[in-house]
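What follows is one structure encoded as structure tokens, with my remarks underneath.
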Amino acid sequence: MIWTFEQEQALGFSSVATNIRMTVIKLRSGGLWVHAPIAPTKECIQLLKELKAPVEHIILPTFAYEHKIFVGPFSRKFPQAKIWVAPRQWSWPLNLPLEFFGIFRARTLRDEDRLTPWFDEIEQKLLSSPEVGIGPYVEVAFYHKRSRTLLVTDAVIYVPKQPPETISKEALLAAAKNGLAVRLLSKGKNVPNEAIVDNKETRQKGWERMVLQILFLGPSDLLEPQRTFTQMSQKLIVSPIVKTLVFNKVPEKVKNWVDRIVTDWPFKRIIPAHFAAPVSASPSDFKAAFAFLNDLLGEKWNVGPILSLSLSTILGRAASYFPPDDMKTLSSLDEFLVSVGAVKKTVSGRKK
């Protein structure tokens, strides 16, 4: 059995929020395996208790702060559970030890570790990049054999057309207002002072604006977001931020990780930690999301034997295409961070 738990997560700038997801798997032992725990609110703990099974393992599959921050408080609610964390943990601006976050006696997740208590049911593969800047990108993917489910954290996302239920009405309406962000990112168009009416169309506009800010930081047109939103939603993609600031710089490492996942695991659905889930997707779909690695490595990288080369190319290009106007802010940010030495231009594998 697999359950997902979601909460709203404000991103601390503008009126932007997204959903953050915890996935819980019941093991054959009868205990619960908890992936990327969320805030242990009263509601969350009550829902877990309704599963009538003990929490045996708590998994931190990444270095990322938004997932790390809840592991300590969550583990204190289940003191008998064992904590497992991705290796090479770091934080910024201060590189603080895990104990600072309330994480004690943690075990380290290893690549393809056959000695974990759950190996017969859940396998794991580690992506641990070289230093791309202030720290490495580290993520552990998991494969639940019985359900043929791939679990990832931030490697891929699937933006749904409609906002997740966890995003509050207030957040959606706030994002729909023609505030400062819209005035700055409107392609010079006149921005009217419109009264906010609470209806489906207004909430949808708020959701589309949220998504574009999450994906691009500074999209080209927040006033009329529909066109770019349509291009970016309802397909499995790598987030433009992760692609630009991380994966583009370590393509060999990422390709190796993706290759091992699609070769070894015949999954039929994916559960990421954000946006929509579960996503019906095959290894070919997952590999198509990383088709941009072809250009970086100067290689032909077919999506899979079940697809023709032409169809593979079309799928890969569709998954990897991001509107150039919307990418300008991210590209400029990347260039700036490289110029001041905050991130590296490339670590390995880029085609000359």
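Only a predicted model underlies this, so the values are computations on that prediction, with no experimental measurement involved. Heads up: numbering here begins at 1 and tracks the sequence.
- Of the possible polar contacts, none joining the R21 side chain to the A36 backbone as a donor-acceptor pair under 3.5 Å is found.
- Across all non-hydrogen atoms, the minimal contact from R209 to P225 is CG-CG, 3.9 Å.
- With respect to D111, the salt bridge (charged side-chain N to carboxylate O under 4.0 Å, His left out) criterion is satisfied by exactly one of K253, R260, K125: R260.
- Here the side chain of E121 pairs a donor or acceptor atom with the backbone of R28 at under 3.5 angstrom.
- Within the 3.5 Å criterion, the main-chain N or O of Q226 finds a donor-acceptor partner in the side chain of T230.
- In this pair, F247 and F290 present their aromatic rings tilted. The plane angle is within the 30 to 60° band.
- For the atom pair CG (D120) and OG (S29), the distance works out to 11.5 Å, reported to the nearest 0.5 Å.
- In terms of modelled atom types and a separation under 3.5 Å, the side chain of Q89 and the main chain of L98 share no donor-acceptor contact.
- Applying the 6.0 Å contact sphere to CD of E112 captures more than 12 heavy atoms from other residues, nucleotides or ligands.
- Annotation for A171 and M210: closest pair O-CE, 3.2 Å, computed over non-hydrogen atoms.
- For F63, the ring pair (Phe, Tyr, Trp, His ring centres under 6.0 Å) partners two or more places apart in sequence, or in a different chain, are W90, Y137.
- Closest non-hydrogen pair, P192 versus N178, comes out as O-ND2, 2.9 Å.
- Put simply, the side chain of R110 never gets that close to the backbone of P87: no donor and acceptor are under 3.5 Å apart.
- Atom CG in L109 sits 11.0 Å away from atom OG1 in T62 (nearest 0.5 Å).
- Dense packing is recorded around NZ of K145, with more than 12 heavy atoms of other residues, nucleotides or ligands lying under 6.0 Å away.
- The number of heavy atoms from other shown groups lying within 6.0 Å of OH (Y65) does not exceed 12.
- Without hydrogens or angle criteria, S220 side chain to D325 main chain gives no donor-acceptor distance under 3.5 Å.
- A salt bridge links K249 with D334: the closest approach of a Lys/Arg side-chain nitrogen to an acidic carboxylate oxygen falls below 4.0 angstrom.
- The aromatic rings of H274 and H67 sit tilted relative to each other, their planes meeting at an angle between 30° and 60°.
- A salt bridge is absent between D221 and R227: the closest approach of a Lys/Arg side-chain nitrogen to an acidic carboxylate oxygen does not fall below 4.0 angstrom.
- Pairing each heavy atom of L32 with each of A53, the nearest pair is CD1-O, 3.5 Å.
- In this structure, the side chain of N19 does not engage the main chain of E8 through any donor-acceptor pair within 3.5 Å.
- Environment of CZ in F100: sparse, with no more than 12 heavy atoms of neighbouring residues, nucleotides or ligands closer than 6.0 Å.
- Looking at K235 and D285, no side-chain N of the basic residue comes within less than 4.0 Å of a carboxylate O on the acidic one, giving no salt bridge.
- In this structure, E50 contributes its side chain and I45 its backbone to no donor-acceptor pair below 3.5 Å.
- Taking the six-membered ring for Trp and thresholds of 30 and 60 degrees, H35 and W33 have nearly parallel ring planes, at less than 30 degrees apart.
- Of all non-hydrogen atoms in L236 and F286, the two that sit nearest each other are CD2-CA, 3.8 Å.
- Remark: side-chain polar atoms of Q7 are not paired, donor with acceptor, to backbone N or O of I38 under 3.5 angstrom.
- When atom types are taken as modelled, the side chain of S331 and the backbone of K328 share no donor-acceptor pair closer than 3.5 angstrom.
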